[in-house]
There are 2 protein chains.
Amino acid sequence: MALAPSQLDASPAAHGASPSRAATLTDVSRQTGLSVATVSRVLNGRPNVSDTARRKVNAAAKTLGYRANAAARALVRQRTDNIGVVFPNIDNDFFREVLVGINHAARQSGRHLMVAFALDAEDEPDLIAEYLSGGRVDGLIVLNIRQSSDALGDLTQESIPVVLVAGPAERRKDRHMVRMANEQGADDAVTHLLEHGRRRLAILDGAPNNSDAVERAAGARRALDRAGIDRGDVRFWEGNFFEDTGYDAVHRAVATGEMPDAIFAANDSMALGAMQALRELGRRVPDDVAVMGFDDLPAADHYGLSTVRAPLREMGAESARVAIELIEAGVPTGPLACHDRVMPTSLICRSSCGCPACTRPPASAAAY
Amino acid sequence: MALAPSQLDASPAAHGASPSRAATLTDVSRQTGLSVATVSRVLNGRPNVSDTARRKVNAAAKTLGYRANAAARALVRQRTDNIGVVFPNIDNDFFREVLVGINHAARQSGRHLMVAFALDAEDEPDLIAEYLSGGRVDGLIVLNIRQSSDALGDLTQESIPVVLVAGPAERRKDRHMVRMANEQGADDAVTHLLEHGRRRLAILDGAPNNSDAVERAAGARRALDRAGIDRGDVRFWEGNFFEDTGYDAVHRAVATGEMPDAIFAANDSMALGAMQALRELGRRVPDDVAVMGFDDLPAADHYGLSTVRAPLREMGAESARVAIELIEAGVPTGPLACHDRVMPTSLICRSSCGCPACTRPPASAAAY
DNA sequence: AAGGGCTGTGGAAACGTTTCCATCCGAATT
DNA sequence: AATTCGGATGGAAACGTTTCCACAGCCCTT
């Protein structure tokens with residue numbers, strides 16, 4: 001009450017030397033002579049505070065280097081402003097791009113990321129369970145969850161929202177999910193090859209238990225059917241997403257004399273393997289055989305591989321946006337109304353598809 | 001006091017349906033009839049609790065799915081068990097490996113990771129400042145901090161320990177740092193080439209303002225000097241770590257007729273560029289020209305490039321260990337006694353160095 | 001002139017832990 | 001049998017916020 005004006009008393013370590021403890025609301029309160037309630041109101045931009053008080057508090061907070069303690073705030077607000085991100089233990093090239101997208105969206109909303117990689121397959125459920133309770137995060141993003149590890153039971157049991165990125169297809173009605181348009185992307189690629197007059201196609205398949213692979217194969221078939229291509233002209237080659245299966249498939253084809261005039265590989269790794277085999281065998285790309293892949297790995301650019309870009313950053317950013325949306329909507333999102341956001345792919349024409357008209361779009365990442 | 005034995009009253013949502021709020025210590029206390037103090041003691045494995053109480057509490061905690069609230073615990077313990085990790089905005093292939101290493105060490109110590117990427121160069125200092133105060137993390141790891149963005153002033157001013165990974169050389173005595181043995185690695189690579197009888201060497205340099213590049217070049221020079229190689233036999237080619245500078249350098253060499261019999265490139269990207277140029281020019285690797293790189297990118301394996309493995313996971317893990325060590329030691333680590341941990345590199349012989357004796361070590365990552 | 005509605009402010013409770021301190025009890029010591 | 005000791009337990013404070021509620025002025029209306 002007795003507020004001596006302009007009291008510049010030796011406040012506790014104004015910006016002193018030692019790594020002193022962080023300033024608290026009480027410190028600001030003492031320095032300004034105002035109550036912690038008022039100080040808190042100013043610092044949170046709440047109404048009903050006089051301009052005088054506002055000025056004093058802001059000045060003192062700046063001097064003291066005040067920053068609200070996250071734990072105390074989380075405790076009373078019942079909200080941490082953190083989002084958890086769980087990665088599978090499997091080494092995955094995409095991971096970085098997805099995380100960059102998540103980071104972008106999270107930071108735009110002023111939230112922070114808690115990131116964890118499963119150390120092994122058994123570790124994943126533990127990790128998820130750890131984030132689901134404990135109040136460490138307000139929402140959880142799980143990448144590429146392994147089919148088996150359903151630490152996730154019933155959506156309605158959970159106290160925080162969970163968003164799956166590139167999760168198993170069968171959980172789509174059951175879980176909030178963000179994925180890419182695998183089918184449309186593959187359709188686009190095959191259609192592109194057909195539009196360039198290629199007719200004797202080979203489809204290099206991915207691992208059959210991988211949902212990306214299955215969907216891409218389906219997209220390729222859809223394009224072939226729509227164009228009315230004779231199935232006798234199409235070869236379906238088995239692969240498993242690894243480079244050597246692309247390489248081997250081409251060598252087998254040359255052995256049996258069944259070389260196509262175009263190859264669509266369900267991912268870039270296999271496409272690059274196929275291109276290497278073609279080069280070794282003296283076949284020219286794209287003159288003799290056109291090749292398209294899927295994913296748009298950095299290496300694709302380097303080798304001029306035309307491909308379908310997997311919108312990884314967009315998927316990451318979208319998953320964060322969905323999580324935030326669910327967090328802000330409050331807990332009871334119920335079992336109904338699951339999100340299933342499908343991020344569009346885009347065709348990237350380089351040299352391997354053999355269309356001179358197409359120019360490579362800028363490698364920008366403007367909006368995600 | 002009046003504890004009715006075996007009271008199985010309708011506890012608040014034992015494991016009910018709705019996404020009810022998480023169980024608290026008070027819930028467990030009510031269910032067991034014991035005080036929160038005792039419950040807390042049991043759950044933290046503290047002594048001076050009867051076995052009866054221990055059993056009752058553990059059972060109730062399990063039934064209720066109790067997990068301690070992180071914010072409340074952090075508030076009273078003045079410690080979050082979180083470690084912050086800040087990445088520069090620059091796209092960096094290494095980032096993932098480093099993070100995996102950090103994750104491993106952090107999780108082994110039961111800590112969690114808060115990860116953030118700087119959105120752009122100006123963003124980095126903000127990010128660092130945000131983690132330095134606010135009590136969100138107990139320690140901070142900053143990767144590859146940009147020379148300019150010294151949001152980091154004086155070590156002694158900071159309230160939490162900060163560890164730099166691959167930071168600027170000039171801060172080594174000033175800051176806790178974890179880095180790799182660039183000089184020794186480059187020395188090893190050049191020595192290896194010399195041991196195979198190569199004498200007309202070319203050293204493909206990295207960007208001169210990059211400390212990794214400078215150190216690697218110094219290591220190469222050290223090996224040459226020690227072997228007493230005539231400097232007239234050695235060419236120093238300028239590069240900037242990008243693939244095309246390796247490619248161009250080889251083309252220039254062939255134009256001037258100064259083709260060496262071995263090339264050491266300061267990183268794999270340039271080495272791969274050089275190899276591609278050699279292939280195009282009809283020179284055989286390693287027969288005509290041996291090539292070695294540095295980093296051990298995934299692509300190095302694919303192209304049989306012999307190289308020096310950059311111990312990225314180890315650097316990550318070590319940085320986390322240093323951070324944890326500093327956290328546990330308490331704040332006042334003072335300006336003296338800065339850590340400068342140098343993680344050893346290792347020679348990876350594949351086919352491009354031309355030594356049949358060397359076999360490729362397993363691609364394990366056993367211990368990090 | 002009295003009442004009512006705003007505005008600015010402070011006190012105090014609450015969030016969920018951990019931990020200090022006091023208390024109580026039974027067993028061991030004198 | 002009186003005393004001490006140590007183990008088991010509960011009460012309550014503390015951590016740093018936010019926010020509800022009460023209250024004191026003040027201006028405006030009737």
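Convention: sequence-line order gives letters A, B, ...; per-chain numbering from 1.
Residues B/Val57 and B/Thr32 approach most closely at CA-CG2, 3.9 Å, considering heavy atoms. When all heavy atoms are compared, the tightest approach of B/Pro168 to B/Met177 is O-CE, 3.6 Å. Pairing each heavy atom of A/Phe117 with each of A/Asp123, the nearest pair is O-OD2, 4.1 Å.
Look at B/Thr24 and you won't find any side-chain N or O under 4.0 angstrom from OP1 or OP2 of C/dG16. Close to C/dT9, at under 4.0 Å from its OP1 or OP2, lies no side-chain N or O of A/Thr38. Distances shown here put every side-chain N or O of B/Ser40 at or beyond 4.0 Å from the OP1 or OP2 atom of C/dT17. Between C/dG16 and B/Arg73, no contact under 4.0 Å exists linking OP1 or OP2 to a side-chain N or O. Between B/Ser35 and D/dG11, a side-chain N or O to OP1/OP2 separation shorter than 4.0 Å is absent. Taking only side-chain nitrogens and oxygens, B/Asn48 never comes nearer than 4.0 Å to OP1 or OP2 of D/dG6.
Within the nucleic acid shown, A/Ala71 has no heavy atom closer than 4.0 Å to any nucleic acid atom. Residue B/Ala68 is in sugar-phosphate contact alone, with no base atom involved, counting any heavy-atom pair closer than 4.0 Å across all strands shown. A/Ala53 comes within 4.0 angstrom of sugar-phosphate atoms only, judged by non-hydrogen atoms across all strands, and of no base. Among the protein residues, B/Ser50 comes within range of the sugar-phosphate backbone only, with heavy atoms under 4.0 Å from sugar or phosphate atoms but none that close to a base.
Side chains of B/Val162 and B/Leu132 form a contact here, defined as non-hydrogen atoms less than 4.5 Å apart. In this structure, B/Val115 and A/Asn103 have side chains that are not in contact, with every pair of non-hydrogen atoms separated by 4.5 Å or more.
If B/Val49 and B/Arg77 are placed on DNA chain D by their nearest nucleotide, the residue sitting closer to the 5' end is B/Val49.
For the pair A/Asp51 CG and C/dT7 P, the computed distance is 13 Å after rounding to whole Å. Whole-Å rounding puts the A/Arg67 CZ to D/dG16 C1' distance at 16 Å. One interatomic measurement links the two molecules: CG of B/Leu75 to P of C/dC15, which rounds to 14 Å at whole-angstrom precision. At whole-Å resolution of the value, CG in A/Leu25 and P in C/dC15 are 19 Å apart. For the pair B/Asn69 CG and C/dC15 P, the computed distance is 12 Å after rounding to whole Å. Atom CZ in A/Arg54 sits about 13 Å away from atom P in C/dT7, given to the nearest Å. The interatomic distance linking B/Asp81 (CG) with C/dT17 (P) rounds to 15 Å, in whole Å. Atom pair A/Arg79:CZ and D/dT17:C1' shows a separation of 12 Å (rounding to whole Å applied).
You'll find that the side chain of A/Val76 is closest to C/dA14, out of C/dT19, C/dA14, C/dA12. Distance from the side chain of B/Gln78 is smallest for D/dC15 among the nucleotides C/dT9, C/dT17, D/dC15.
With A/Asp138 contributing its side chain and A/Arg79 its backbone, the two residues share no donor-acceptor pair below 3.5 Å. Side-chain atoms of A/His176 come within 3.5 Å of backbone atoms of A/His339 as a donor-acceptor pair (strictly under, hydrogens ignored). When atom types are taken as modelled, the side chain of B/Asp120 and the backbone of B/Glu122 share a donor-acceptor pair closer than 3.5 angstrom.
End-to-end axis angle of the helix from C/dA1-D/dT30 to C/dT30-D/dA1, using five pairs per end and rounding to 10°, comes to 60°.
The base of C/dG10 sits with one of its N or O atoms less than 3.5 Å from a complementary donor or acceptor on the side chain of A/Arg41.
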